[in-house]
Amino acid sequence: MLRAARSAALVAAILSLAACSESRSRAAAPAPSPADPQPAPAPADPQAAYLAARRAEVAAMPDPPSALPQSTGARQELAYMIELGERLLRETNTHPLTAPYVGASGLTCSSCHLDAGRKKAIASTFIGAAASFPAFNDRDGGVITLQDRVNGCFMRSMNGTRLPENSEALLAIVSYINWLSQGFPLQPDPDRAVSSLNRSFPNPAIKAMALAGKAVAANGASIYDSRCAPCHGVHGEGLVGAPPVWGERAYNRGAGMANNVQAGSWIQFNMPPAEELTLTDPEALDVAAFVNAQPHPAFVEAEHLPGGGAGYGGAEIVYHYGASFTAEQVAARVPSGPTADPALDGAALYAARCAACHGPLAGSAVRGRTAAQISAAIAGLGSMAGLKDLSAAQVEAVAAALR
């Protein structure tokens, strides 16, 4: 009996001690405060966010029209021209109206403007494109029409010659693009000839990487082998349904695709088919660098103009086609404003100091060079020592003109 009482007292003492200990523990632990900062969410992947934003942009594009305009008369001429224009975009290198102007090219307009420009895709769609013209085009050095823009592709992207002005072929192509643009408000761009649905082109991150010299063609070779060669061929020759991407039947050095920034952006936005917007910025740039490191036809503008460019266009030339404007003529025709400093006119400086070696600004072999790269060349190359009198501001102006 006495032993049982002692045991009960011992158990009670132990329980009392445990309760005290738990009480002290609770008192020592600070109560959670609602003001305590919560863990920050993990930062979003900028690359994934960028690609997702572009996918949303594509998804928001309107569908192309389907109903052709119908005349109240017997002749459905406009509908015919629209249908002809689409056919020419798909059969550019084989149709009798356009084949003579693209020679041995393995390319069609649809090689870049997928599904004859009907596909909803950044940098390739023709939907709404006509509403942006006439527009300023830096490469051409002036305001161009949609006809000029089409002919620019014939000369450069398809390594051919300009279609005759007001020819059936050119009018048909323009009629088709106009039809795809119905309902879009006119939005001429004072800076570049680009449609409202293509304003995200080019990718600014790819441009920054290219200008920083971060393109790695060797990496692009392995990506090309696995992602591109099944359609375009191991040697870039183009297989059934896919165009050549280098060699004599591909685009020439004057084409937009010959620029790694534009090529990398276009590839990321449009390739591989059904897997658009999956290549990362470095992958897309590296593939472009690899493809552009392969052989492509040279671009000499006069060779792509009727009659070798002699007297092309008569007195009313299309800006630089057939003649080169002097800096004074440019200033008189398009005033740069009262605050502009003539000594900082990059285009004029390039024409006077650089064009003799690097060619006209529009097709310059050094387009895209940064001010730092130009300064390094001036300092390091004996052939450029004569440019050491250029100020840093003038070098910046030349670099701006080369963008």
**Request:** Would you list the pairs meeting salt bridge (charged side-chain N to carboxylate O under 4.0 Å, His left out) in which at least one residue belongs to residues 109-123, sequence neighbours left out?
**Result:** Asp63-Lys120, Glu86-Arg118, Arg90-Asp115, Lys119-Glu276
Show me the side-chain donor-acceptor pairs of residues 51-62 shorter than 3.5 Å, one per line, residues at least two apart or across chains.
unit_1: Arg54; atom_1: NE; unit_2: Glu57; atom_2: OE1; d: 2.8
unit_1: Arg54; atom_1: NH2; unit_2: Glu57; atom_2: OE1; d: 3.0
unit_1: Arg55; atom_1: NH2; unit_2: Leu277; atom_2: O; d: 2.5
unit_1: Glu57; atom_1: OE1; unit_2: Ser200; atom_2: OG; d: 2.8
unit_1: Glu57; atom_1: OE2; unit_2: Ser200; atom_2: OG; d: 2.8

**Asked** Can you tell me how far CD of Glu91 sits from OG1 of Thr108, rounded to the nearest 0.5 angstrom?
**Response** 9.5 Å
**Asked** Distance from Leu163 atom CG to Ile173 atom CD1, nearest 0.5 Å?
**Response** 5.5 Å
**Item:** Contact list for residues 209-261, test ring-ring contact (aromatic ring centres under 6.0 Å, His included), sequence neighbours left out
**Value:** Tyr224-Trp246, Tyr224-Phe290, Trp246-Phe290, Tyr251-His296
**Salt-bridge contact Asp389-Arg353 (side-chain N to carboxylate O under 4.0 Å)** = yes
**Asked** Do any pairs count as a ring-ring contact (aromatic ring centres under 6.0 Å, His included) and have a residue in residues 357-403, sequence neighbours left out, and if so which ones?
**Response** none
**Asked** Does Asn219 have any side chain to side chain donor-acceptor pair (under 3.5 Å) partners at least two apart in sequence or in another chain, and if so, which?
**Response** none
**Prompt:** Would a distance-only check, ignoring hydrogens and angles, find a side-chain to backbone donor-acceptor pair under 3.5 Å from Gln262 to Asn259?
**Reply:** no
**Item:** Donor on one side chain, acceptor on other, Arg227 and Thr278, under 3.5 Å
**Value:** yes
**Item:** ring-ring contact (aromatic ring centres under 6.0 Å, His included) contacts touching residues 98-153 (sequence neighbours left out)
**Value:** His113-Phe126
**Ion pair check, Lys214 and Asp286, cut-off under 4.0 Å** = no
